[in-house]
Novice: 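Here it is: the structure, laid out below.
Because only heavy atoms are used, hydrogens play no part in the values below, and waters and symmetry mates are left out as well, while side chains stay in. Since the model is a prediction, treat every value here as computed from it, not as a measurement.
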Amino acid sequence: MLLDLSEEHREHLAFLPRVDSAVVAEFGRIAVEFLRRGSNPKVYEGAARKLNVSSDTVQHGVEGLIYLLTESSKLMISELDFQDSVFVLGFSEELNKLLLQLYLDNRKEIRTILSELAPDLPSYHSLEWRLDVQLASRSLRQQIKPAVTMKLHLNQNGERATEVLQTDPATLLHLVQQLEQALEEMKTNHCRRVVRNIK
């Protein structure tokens, strides 16, 4: 599987061939450090002074490397696929090897960092439901008042939680229609691209 790099990411990475391989290695170290501890503008400013470029150029170069490394690590692409993905950027053979080594050295750690950053959301376990219909009351002899009661069992962090929900059938039908519409929307190309970038 090859990486699909946007034009913006290609522009960010275009700075790398203009600098020495030691600088690219340092950018890689900064990129991994960024993933571990977050952004540090002072690092960008110091590197920009040494290279006589703007700090934005350094920041974009590091962000381009971060994207390249995180996407490759997320997808666990092979060495060959990584080389093919970087080859289309038109870098020198030495730079391609340096980026490959950077990826191979850090992919396990990057995957660990990304898994820690992922939100731990509850997952579905089971659902119990009941339909209650009130046919009459003291004040109204002929009355039909349906209600759907649902008991939703969820798993989170190895523990089970339970939520009880109650609604009328019309609201439940509207909710089902909205969920079906959302599932259809997920099949569009735009949503697939967004989901690919989130993973």
Side-chain angles (χ1 to χ4, degrees), residues 1-14 31-32 34-39 59-89 99-100 102-104 106-133 146-199:
M1 169 185 266
L2 295 179
L3 287 179
D4 185 25
L5 297 171
S6 69
E7 198 59 43
E8 181 184 11
H9 291 113
R10 288 172 189 243
E11 287 173 17
H12 289 177
L13 292 170
V32 174
F34 174 91
L35 288 171
R36 283 188 200 125
R37 295 194 177 91
S39 180
Q59 182 176 354
H60 290 317
V62 171
E63 287 171 355
L65 270 177
I66 290 171
Y67 180 79
L68 183 68
L69 294 172
T70 55
E71 287 303 304
S72 302
S73 300
K74 266 194 256 183
L75 301 172
M76 281 300 285
I77 63 175
S78 66
E79 289 181 36
L80 186 62
D81 287 342
F82 184 85
Q83 287 174 325
D84 290 343
S85 298
V86 175
F87 180 75
V88 298
L89 298 171
L99 291 174
L100 175 64
L102 190 65
Y103 166 61
L104 294 176
N106 294 296
R107 68 179 168 187
K108 288 183 181 176
E109 183 181 3
I110 291 172
R111 283 186 64 82
T112 304
I113 292 168
L114 292 175
S115 66
E116 290 170 1
L117 294 175
D120 187 28
L121 301 173
S123 61
Y124 170 84
H125 181 264
S126 64
L127 176 75
E128 299 174 44
W129 62 276
R130 185 178 77 210
L131 176 66
D132 295 319
V133 180
V148 179
T149 305
M150 296 172 282
K151 194 174 192 180
L152 184 62
H153 300 277
L154 303 170
N155 289 332
Q156 186 171 20
N157 297 330
E159 296 178 17
R160 189 159 298 153
T162 303
E163 298 290 333
V164 178
L165 311 164
Q166 188 171 31
T167 184
D168 60 292
T171 305
L172 184 60
L173 183 62
H174 177 71
L175 180 64
V176 169
Q177 290 169 345
Q178 292 297 310
L179 289 173
E180 287 174 349
Q181 184 179 353
L183 286 173
E184 286 300 315
E185 183 72 25
M186 286 299 296
K187 295 177 183 175
T188 64
N189 287 335
H190 174 71
C191 282
R192 285 182 183 164
R193 278 194 300 271
V194 169
V195 168
R196 203 176 315 130
N197 288 332
I198 290 173
K199 290 179 185 176

Novice: So how far is it from Thr149 OG1 to Asp132 CG, rounded to the nearest 0.5 Å?
Specialist: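 The OG1 atom of Thr149 sits 5.0 Å away from the CG atom of Asp132.
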Novice: Would a 4.5 Å heavy-atom cut-off, applied to side chains only, mark Thr167 and Met150 as touching?
Specialist: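 Answer yes - side chains close enough.
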Novice: Contact between Ile77 and Tyr103 at the side-chain level, heavy atoms closer than 4.5 Å - yes or no?
Specialist: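 The answer is yes, as the side chains (C-beta and beyond) meet within the 4.5 Å cut-off.
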Novice: Can you check whether Glu11 reaches His60 side chain to side chain, under 4.5 Å on heavy atoms?
Specialist: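 Not touching, per the 4.5 Å side-chain cut-off.
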Novice: Any chance you could lay out the side chain to side chain donor-acceptor pair (under 3.5 Å) test for His153 and Glu128, step after step, and finish with the verdict?
Specialist: CA-CA 8 Å; His153 300 277; Glu128 299 174 44; 2.8 Å; yes
Novice: Rounded to the nearest 0.5 Å, how far apart are OG of Ser72 and CG of Leu100?
Specialist: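 Going from the OG atom of Ser72 to the CG atom of Leu100 covers 10.0 Å.
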Novice: So which atom in Gln166 and which in Ala147 form the shortest heavy-atom distance, rounded to 0.1 Å?
Specialist: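 Shortest heavy-atom separation between Gln166 and Ala147 comes out as NE2-CB, 3.7 Å.
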Novice: Side-chain contact test, heavy atoms from C-beta onward, threshold under 4.5 Å: evaluate it for Leu65 versus Leu99 and give yes or no.
Specialist: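 A side-chain contact exists here, since the closest heavy-atom pair is under 4.5 Å.
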Novice: Kindly compute the distance separating CG (Leu179) from CD (Glu184), expressed to the nearest 0.5 Å.
Specialist: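 One finds 12.5 Å between CG of Leu179 and CD of Glu184.
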Novice: Calculate, to the nearest 0.5 Å, the distance between atoms CG and OG1 belonging to Asn106 and Thr112 respectively.
Specialist: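 Here the interatomic distance stands at 11.0 Å.
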Novice: The criterion is side-chain hydrogen bond (donor to acceptor under 3.5 Å, both in side chains); which residues satisfy it with Glu8, sequence neighbours excluded?
Specialist: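 If we apply the side-chain hydrogen bond (donor to acceptor under 3.5 Å, both in side chains) test to Glu8, skipping adjacent residues, there are no hits.
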Novice: Within a radius of less than 6.0 Å around CD of Gln177, do more than 12 heavy atoms belonging to other residues, nucleotides or ligands occur?
Specialist: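 Above 12, so yes.
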Novice: Would you compute the distance between atom CZ of Phe34 and atom OG1 of Thr70 and round it to the nearest 0.5 angstrom?
Specialist: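 One finds 10.0 Å between CZ of Phe34 and OG1 of Thr70.
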Novice: So do Arg130 and Lys151 actually touch side chain to side chain, heavy atoms under 4.5 Å?
Specialist: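 No; the side chains remain at least 4.5 Å from each other.
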Novice: Using a 4.5 Å cut-off on heavy atoms from C-beta on, say whether the side chain of Arg160 contacts that of Asn155.
Specialist: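 A side-chain contact under 4.5 Å exists here.
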Novice: Where the side chain of Thr188 meets the backbone of Glu185, is there a donor-acceptor pair that is under 3.5 Å apart?
Specialist: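 Yes, because the side chain of Thr188 sits within donor-acceptor range (under 3.5 Å) of the backbone of Glu185.
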Novice: Taking side-chain contact (heavy atoms from CB on, under 4.5 Å) as the definition, give me every residue that meets it alongside Gln178, ordered by chain and number, with sequence neighbours left out.
Specialist: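 Residues passing side-chain contact (heavy atoms from CB on, under 4.5 Å) with Gln178: His174, Gln181.
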Novice: With rounding to the nearest 0.5 angstrom, report the OG1 to CG distance, Thr171 to Leu165.
Specialist: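 Between atom OG1 of Thr171 and atom CG of Leu165 there are 12.5 Å.
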Novice: Can you confirm whether Leu80 sits close enough to Gln83 that some side-chain heavy atom of one is under 4.5 Å from a side-chain heavy atom of the other?
Specialist: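 Yes - at least one pair of side-chain heavy atoms lies under 4.5 Å apart.
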Novice: A quick test of your reading: do over 12 heavy atoms of other residues, nucleotides or ligands sit less than 6.0 Å from CZ of Arg36?
Specialist: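 For Arg36, atom CZ is crowded (more than 12 foreign heavy atoms under 6.0 Å).
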